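Here's the structure, in structure tokens; my notes come after.
Since the model is a prediction, treat every value here as computed from it, not as a measurement.
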Amino acid sequence: MVLGLAMCTGALLAGWSALTHVLLPYDEAFLGKTAEQLRAFNPRIVKFMTHDRITLAGTMVSLGLLYLNLSFFAMRQGERWAQVVVGASASLGFFSFFAFLGFGYLDPFHAFVTLALLQVTIQVVVRQVPSPPRIETCPRLDNDRAWRRKLWGQLLFLGHGVALLLAATTILAFGMSVVFVPQDINYLGMSSDQIAAFDAQLRALIAHDRATFGGMLLCAGTALCLTSMWSFRQGHRRLCWTLVVIIFTPYVMTLWTHFSIGYHDHFHLAPVYIGLGLLALVSAP
């Protein structure tokens with residue numbers, strides 16, 4: 001629960017930062033330029049960084065809510081699979097922190113928070129989940145229509161998680177290499193080399209945001225895949241609707257930030273549209 005609360009708090013701080021000054025003091029120190037100077041060079045660069053950080057905040061709050069849900073409704077009830085889900089998901093996030101080796105910007109606050117939460121994650125992995133006494137109920141052996149529909153929903157959630165993993169690895173790879181996709185270049189109105197010519201460190205700073213988002217998406221995809229595989233039970237509707245709400249939240253934030261900054265490329269937003277379509281299928285009566 002501490003880990004989940006920390007993720008939600010970090011999401012609020014990241015969102016507040018992205019909607020106000022965008023660049024933190026150590027970001028400006030790394031660049032040697034202020035946000036006002038970036039806006040004077042190209043006003044869309046700061047907006048682009050805002051969109052990266054808002055999408056990161058959406059994924060963080062989603063993952064934090066999932067951790068809170070698993071800790072309270074599963075781990076507290078002795079469900080050991082939930083411990084594996086949180087431990088595996090969070091551990092991948094810590095490994096993805098080393099993506100900074102690919103672009104050369106070590107965010108000091110990010111490093112501090114990572115080190116602090118690492119201690120909590122180690123406790124999650126090594127501590128034994130309590131097993132309070134409970135009455136075991138025999139599973140139903142008849143696969144009625146409702147249960148078969150739930151299995152289709154489980155398959156859609158699992159496919160959703162796999163898609164997030166593919167997207168995460170792609171974003172991580174781009175963040176550690178070329179940084180920008182063609183749609184980004186079209187939105188910014190200048191090439192990556194032109195951005196680097198203005199400030200050699202600016203591309204590394206943007207790459208940090210992209211790779212951080214990719215790492216967070218890797219955690220989310222892992223958590224969704226494992227939760228989808230291990231948690232579905234007959235008669236447990238709460239989990240299904242919890243996953244719908246948790247996944248829906250970052251999609252809404254992503255669409256809102258893209259349209260608010262004028263980034264309307266529908267090909268770029270196609271994964272979000274597909275994800276919302278999958279959620280609509282799962283939620284269909």
ask   = Phe41 ring centre to Lys33 NZ or CZ under 6.0 Å, with the angle to the axis within 45°?
value = no

message = Could you tell me if Arg44 sits above the aromatic ring of Phe48, with its cationic atom closer than 6.0 Å to the ring centre and no more than 45 degrees from the axis?
response =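 No, a cation-pi geometry is absent between Arg44 and Phe48.
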
Counting only N and O atoms by type, is there a donor-acceptor contact under 3.5 Å from the side chain of [X] to the main-chain atoms of [Y]?
{"X": "Gln77", "Y": "Ala74", "value": "no"}
{"X": "His160", "Y": "Leu156", "value": "no"}
{"X": "Asp209", "Y": "Met49", "value": "no"}
{"X": "Thr169", "Y": "Leu166", "value": "yes"}
{"X": "Thr20", "Y": "Trp16", "value": "yes"}
{"X": "Gln154", "Y": "Ser228", "value": "yes"}

Gap between atom [atom2] of [Y] and atom [atom1] of [X] - 0.5 Å precision:
{"X": "Met190", "Y": "Ile195", "atom1": "CE", "atom2": "CD1", "result": "6.5 Å"}
{"X": "Leu164", "Y": "Thr59", "atom1": "CG", "atom2": "OG1", "result": "8.5 Å"}
{"X": "Ser231", "Y": "Leu243", "atom1": "OG", "atom2": "CG", "result": "6.5 Å"}
{"X": "Leu202", "Y": "Gln194", "atom1": "CG", "atom2": "CD", "result": "12.5 Å"}
{"X": "Ser71", "Y": "Phe73", "atom1": "OG", "atom2": "CZ", "result": "9.0 Å"}
{"X": "Gln83", "Y": "Arg127", "atom1": "CD", "atom2": "CZ", "result": "11.0 Å"}

task = Take Phe198 and Leu38 through the side-chain contact (heavy atoms from CB on, under 4.5 Å) test and state the conclusion after the steps.
result = CA-CA 9 Å; Phe198 170 71; Leu38 291 185; 3.5 Å; yes

Where is the tightest heavy-atom contact between [X] and [Y], given as atom of each residue plus distance?
{"X": "Ala82", "Y": "Met75", "value": "CB-CG, 3.5 Å"}
{"X": "Ser17", "Y": "Leu24", "value": "OG-CD2, 3.6 Å"}
{"X": "Gly161", "Y": "Cys225", "value": "C-SG, 3.3 Å"}
{"X": "Ala90", "Y": "Thr121", "value": "CB-CG2, 3.7 Å"}
{"X": "Val85", "Y": "Leu226", "value": "CG2-CB, 3.6 Å"}
{"X": "Pro271", "Y": "Tyr251", "value": "O-OH, 4.5 Å"}

key: Arg53 bridged to Asp27 by N-O distance under 4.0 Å   =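 Between Asp27 and Arg53 there is a salt bridge, with a charged N closer than 4.0 Å to a carboxylate O.
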
request  = Inspect the contact between Asp52 and Lys47 and indicate whether a charged nitrogen and a carboxylate oxygen are less than 4.0 angstrom apart.
outcome  = no

Would [X] end up clustered with [Y] when hydrophobic side chains under 4.5 Å apart are linked, directly or stepwise?
{"X": "Leu65", "Y": "Val245", "answer": "no"}
{"X": "Leu279", "Y": "Leu165", "answer": "no"}
{"X": "Val2", "Y": "Leu66", "answer": "yes"}
{"X": "Val272", "Y": "Val181", "answer": "no"}
{"X": "Phe267", "Y": "Leu269", "answer": "no"}

Return all side-chain donor-acceptor pairs below 3.5 angstrom for residues 212-224, not counting sequence neighbours, or 'none' if the list is empty.
{"unit_1": "Thr212", "atom_1": "OG1", "unit_2": "His208", "atom_2": "O", "d": "2.6"}
{"unit_1": "Thr222", "atom_1": "OG1", "unit_2": "Leu218", "atom_2": "O", "d": "2.9"}

Steps toward side-chain contact (heavy atoms from CB on, under 4.5 Å) verdict (His266, Tyr273) = CA-CA 9 Å; His266 294 295; Tyr273 299 147; 2.9 Å; yes

Mind checking what makes side-chain contact (heavy atoms from CB on, under 4.5 Å) contact with [X], not counting sequence neighbours?
{"X": "Leu117", "answer": "Leu3, Ala6, Phe94, Val113"}
{"X": "Ala35", "answer": "Leu23, Glu28, Arg39"}
{"X": "Thr257", "answer": "His51, Ile54, Thr55, Ser260"}
{"X": "Thr170", "answer": "Phe174"}

If we only count heavy atoms from C-beta on, is the [X] to [Y] side-chain gap below 4.5 Å?
{"X": "His268", "Y": "His258", "value": "yes"}
{"X": "Arg210", "Y": "Asp184", "value": "yes"}
{"X": "Leu5", "Y": "Tyr67", "value": "no"}
{"X": "Ile45", "Y": "Asn42", "value": "yes"}
{"X": "Cys8", "Y": "Leu68", "value": "yes"}
{"X": "Val179", "Y": "Ser192", "value": "no"}

key: Test side-chain contact (heavy atoms from CB on, under 4.5 Å) applied to Leu70 and Trp81, step by step   = CA-CA 10 Å; Leu70 291 178; Trp81 61 265; 3.7 Å; yes

query = Does Trp152 have any ring pair (Phe, Tyr, Trp, His ring centres under 6.0 Å) partners at least two apart in sequence or in another chain, and if so, which?
reply =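 Checked Trp152 against ring pair (Phe, Tyr, Trp, His ring centres under 6.0 Å); zero matches.
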
message = Students often mix this up, so state it plainly: with edges at 30° and 60°, are the rings of Tyr187 and Tyr263 parallel, tilted or perpendicular?
response =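 Ring orientation, 0 to 90° scale: parallel.
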
